[in-house]
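Structure, as C-alpha cells:
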Amino acid sequence: MLYRETGDFKTSYLKDQQTFPIKSERYLFWALILVAFFVVPFFVNDYWEKSVLVPFLVWAMIALGLNILTGYCGQVSLGTGGFMAVGAFACYKLMTAFPDLNIMIVIVLSGAVTACVGVLFGLPSLRIKGFYLAVATLAAQFFLVWMFNKFAWFYNYSASGQITAPERTVFGYAVTGPSAAPWATYLACLSIVFVFAWIARNLTRGRVGRSWMAMRDMDIAAEIMGVSPFAAKLSAFAISSFYIGVGGAMFFSIYLGAAEVTEAFGIDKSFDALFIIIIGGLGSILGSFLGAAFIILFPVLLKNVMVNAWGWPTDLAAHIEIMTVGALIMFFLIFEPHGLAQIWRLTKEKLRLWPFPH
Amino acid sequence: MSPAFLYFVETVLNGLMAGVMYSLVALGFVLIFKASGIFNFAQGVMALFAALTLVGLQTGQVPFAHLINAIFGTEVHHFGWELPSIFAILGTLAVMVAFAYLFEVLVLKHLVNQEPIILFMATIGLAYFLEGFGDLMWGADIKTLDIGIPSGGSFWLEDVTREWAVEGADYYGMYIDKLDVVAAIVAIVLVVALTMFSQYTATGRALRAVADDHQAALSVGISLRSIWVIVWSIAGFVALVAGIMWGAKSGVQFSLSLIALKALPVLILGGFTSIPGAIVGGLIIGVGEKLAELYIGPLVGGAIENWFAYVVALAFLLFRPQGLFGEKIIERV
Amino acid sequence: MNAPFDPKKLGIPAPEFTLSAHEDGVAKGDVLLNVENVSLSFGGVRAIQDVSFDIRKGEVRAIIGPNGAGKTSMLNVINGFYHPQQGTITYRGEQRKAMRSTAAAKQGISRTFQNIALFKGMSTLDNIMTGRITLQKRGLFWQALWHGPAAREDLEHRRAVEHIIDFLEIQHIRKTPVGRLPYGLQKRVELGRALAAEPALLLLDEPMAGMNLEEKEDMSRFILDVNHQFGTTIALIEHDMGVVMDISDRVVVLDYGRKIGDGTPDEVSKNQNVIDAYLGVPHE
C-alpha cells in the first residue's frame, strides 16, 4: 500500500536502469533533497551542525571513497587516515599559498593531489591481494603520518606542529574559520557531497563500476575477459583517494578548523571508515550514508542515554561504545554482511507487498 | 674493538631481542591462520586482555567494578586478597579457554563459509569488542605487571663488555635487558614445544589436516569445531605469554594491542603459515628496525622505526609474496 | 547432423543481431588458430608436452582426454593466461608472443570456465554486460557524467546483451544475482557472458559438466546455434563422448600432456591409442 506500482511499466531500457525505478520512491528522494537544501539551513544550530550534520556529511564523503575502493573494487585499505591527512595538508598549503583561491576549488584540488598519491600507493595492488594489500596500505598510513610530522614545511614551520584553517568565504559567507555560521558550513558540505555522490552513482552504474566489481568478484576471470587489472585497480585507487582527500580537506578546514596530524589522522580513522562501510553496506552508495549516520549518531545516542539520563561516568560510556561497535561489526558480518543498505533493500521489498504477505 | 663496532653489536643484540618479542605475537597469528585460514587481527588485543586479567586476578580486583559502582552506587574496587602469580596465570588461562569457546560458538561457527576478507573484518570487530570489554572489566588505567621476572640491565655484562673496548675509549658497556633475555628463552621454548606438538601428537596432526583441507579433515572424522576451540585456546595461551612479556616491559596499557600491527610485517617476511618463519621474520624485522634507526634514521630526522618494518614488508610483497618460508601461490582457474 | 539453419534460403529476414565485432578476414575453413610444438611446465610438472594442432574457422573442435591430460591448461595457454615455455601460437596468421590475457580478449578470444567464474556479486544482466567491456570505449570523464555519451553507449550495449539474453532464453532471471541461480542456469549465463564479447574464437571448458540429460540437450542446442547462426569458431573441452561425437567437427585427444589423436570423431573413436588411454592401459 505504501508503494503504488500498478501501471508503472518500464517501456525502455533507460527507464529500467533508473536509480529510483519506483515513482513514489523517486518523489520521496527529491522531497528529501529539497528539504535538506531549502528547509534545514533555517533550523540548524551550532550543536546540530558541529556534532551531527557536518561530521555526517564529511564521513559520508570519506565512506563513499573507501566504498569505491574496498566495497566495489575489493581492495582492502587501512590507509584512509593517511589519505585524509594528504587531503587536509594539501588544502592547508593551498589555502595559505593562494589566499585568493576559492575554497571550493581548493578542496577539489586537494582531492586531485590525494588522487595522485593514492595511485602511487595503489601500485602494489597490481601484485598483492587481499589482506596482504591491507598491510601495504598500513605502510602508507604510518609513513604519511610520519612524513607530515617530520617535515615542517607541511605545517609552515609553526611551533605547535598544528595546521589551522584561515577564514574563507563562498559568495561572501564565511565557510571556514571560527566565525562561519552553522548554515553556511552545512550547505557547503551538503553541496560538495551531493555533487560527488551523484558522480559516484554514475561511475558505479556503468562500465567502470562493472570493471571494479568484476575485479572484486573474480579477478582472474575478469582479466581473461578483457578487464585490465591495471586500469581497474588504479582507477579505483585514484577516484577513491580523490574522494577521501576531499573528505580530509573538508574534515580539516570546515569541521575541525585546526588539526595535529598524529591525533587527527591516525589509524583509528582508517578503522572508523572501514566500520562505516561494513555496517552501512559494502558496495553501496546508500550504505555509505547509512553507515556514516550510524557511526555519528550511535555515540551521541549512547552518551545521551548513559551519561545524561543514567548519570554514568563518560569513560564507562566510551568503553561500552567501543564494545558495542565491535559487537555490531561481528553481528552485521554474521547476519547481514551487506549491511544496513541490504536491510533497507529487504524492508523495501516487504513494503512493496505490505500488507499482503506475498 | 672500537666503540662503533660495539655499538653495532649491541644494536644487533637488542634488535634480536625486540624481534623475539614480535615473534611471540606473530606466533599466535600463525597458529590461527594455519588452522582456520583466518587472520586474527584481535591477537594483540587478546594479549592485552590476557595481561589485564592476569594483573586483575593477581591484585584481587573486582571485575566490572566501574560498571557495578555506576549502577549500584557502590564503591568496590578490590576483593582484598592477592593471588600468587602461578594461580593467577592458571586462572587467566582458564579465562582465555572460555573466551575461545564462546567466540567459536557465537561467531566463528556462523562465518564458516565466508571469504577471508569477511573473516578478517570480523576479527577487527572482535578486537574492538575485546578492547572495550577488557577496559570495562578491569579498568583502563595503566597497570604494572610483575610476576617476578628479572629485569633491568646486567652489571656483569656491562663490566665484561667494557673491557672489550679499545683503551681509553669512552664506552660504558653493553646494555641488554634481562627481561629480554628471559623473553627470548621463553619464545624459543614455546616454538620448540609448538612445533613438537604439531608434528608428534594426534591433535597436532589433526590441526595440520584442518589447515590443509577442511572438507578432507571432516571426512576422516575430525571435528572442525573442537579443533578451532583448541587452536584459539592455544593462541590465547600464546597471547598470554606475549602479554606477560610486553606488559612486564612497558606496563599493561592500550598501546599493547598495537603490537599486533607490528606483527604484520613479521608475518609477511616469514610467511603466514610457518612457525619457524614467525621467529626468523621477527628477528629480521627487529634487527632491521634497530639498525635502520641507527644508521638511516639520522639522515631523515629519526623515528623511522614506525614505518620501516612496513616498507620492508612491502618490498617483500612485491618480490616474494609468499614470504621466506611460505608456499608459492599458483593461480588456478 | 542437420544442414545449418540458413534464413536467406528459407526466405525469412535474417536476425539483425550478429556476433561480428571481430570480423577478421579469415575465410571459413581456413586455419584460425595454430598451436605448434607447445610445451608447458609448472616447476617439475609437465602439463603439456610438444602438442600441435589447429583450429579452423567456423568449426566446432573438441579437446578430449582423461583427467589431468592438460586440456584446461591448453585453453589457458590459448587465452594467454599461461605462457608456454616452448612452442608458438599463430592466431589469424600472426605469430603471438607471450601476451596478457586481456590482449587475447581484445583480439576476440572468449571463454567459459570449468568451475563457474561468474561475478557472484552482480546480476545476470550485469555479468553479461561485463562481457561487453572490450567493446566499450567511453572514458572516465563521460562515465562520471553518465547522462550523454556514456549512457548512450551503455544502452547500445544493453540492446546487444538483450539479444543474447533472448537467444539463451534467460529473460526471467535478468535481474537475479547470479549467486542465487541453479547450477545449469549459471553455466548458461557464463556462456552468455562469453558470447557478449562477440568472439571470433569461443573456448568452452566443460560446458556440460554436472548437467542432466535435458540440460545437456539444451546446452548442445545453444552451442550448435552459436556455431551455425553466428558462424563462431568453437573449441570445447568435454567428457561426454556422446556430445562430442554429435556436435563436433573435429577432435583432438590429449593424454598426460601429449597429443594421441587428431581427426574427425569417427576416426578418433577408432584410434587404438585413444581407446587404450581411456581404458587405462599403461604406455611407456
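The chains referred to below are lettered A, B, ... by the order of the sequence lines, with proteins before strands, and numbering in each begins at 1.
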Top contributor to chain A contacts, counting heavy-atom pairs under 4.5 Å, from [options]:
options                      : answer
B:Leu119, B:Val311, B:Leu126 : B:Leu126
B:Ala122, B:Gly132, B:Ala313 : B:Gly132
B:Leu130, B:Thr123, B:Leu264 : B:Leu264

Under 6.0 Å from the [atom1] atom of [X], do we count more than 12 heavy atoms belonging to anything else shown?
X        : atom1 : answer
B:Tyr295 : OH    : yes
A:Lys303 : NZ    : no
A:Phe331 : CZ    : no
B:Tyr101 : OH    : no

Please flag which part of [X] lies under 4.5 Å from any non-hydrogen atom of chain A: side chain, backbone, both or neither.
X        : answer
B:Phe133 : both
B:Phe41  : side chain
B:Leu106 : backbone

Rounded to the nearest 0.5 Å, how far apart are [atom1] of [X] and [atom2] of [Y]?
X        : Y        : atom1 : atom2 : answer
A:Ile329 : B:Met121 : CD1   : CE    : 9.0 Å
A:Ile334 : B:Leu111 : CD1   : CG    : 4.5 Å
B:Tyr128 : A:Asp272 : OH    : CG    : 5.5 Å
B:His66  : A:Ile320 : NE2   : CD1   : 9.5 Å

Can you confirm whether [X] sits close enough to [Y] that some side-chain heavy atom of one is under 4.5 Å from a side-chain heavy atom of the other?
X        : Y        : value
B:Trp307 : A:Val145 : no
A:Met330 : B:Phe103 : yes
B:Leu67  : A:His319 : no

So for [X], is it side chain, backbone, both, or neither that comes closer than 4.5 Å to the heavy atoms of chain B?
X        : answer
A:Leu333 : both
A:Leu123 : neither
A:Leu282 : side chain
A:Leu126 : neither
A:Asp315 : side chain
A:Pro313 : side chain

Kindly indicate, with the supporting measurements, whether the criterion side-chain contact (heavy atoms from CB on, under 4.5 Å) is fulfilled by B:Ile124 and A:Phe275. CA-CA 9 Å; B:Ile124 301 185; A:Phe275 291 159; 3.5 Å; yes
Residue selection (most heavy-atom pairs with chain B, distance under 4.5 Å) from A:Thr70, A:Leu138, A:Ile322: A:Ile322
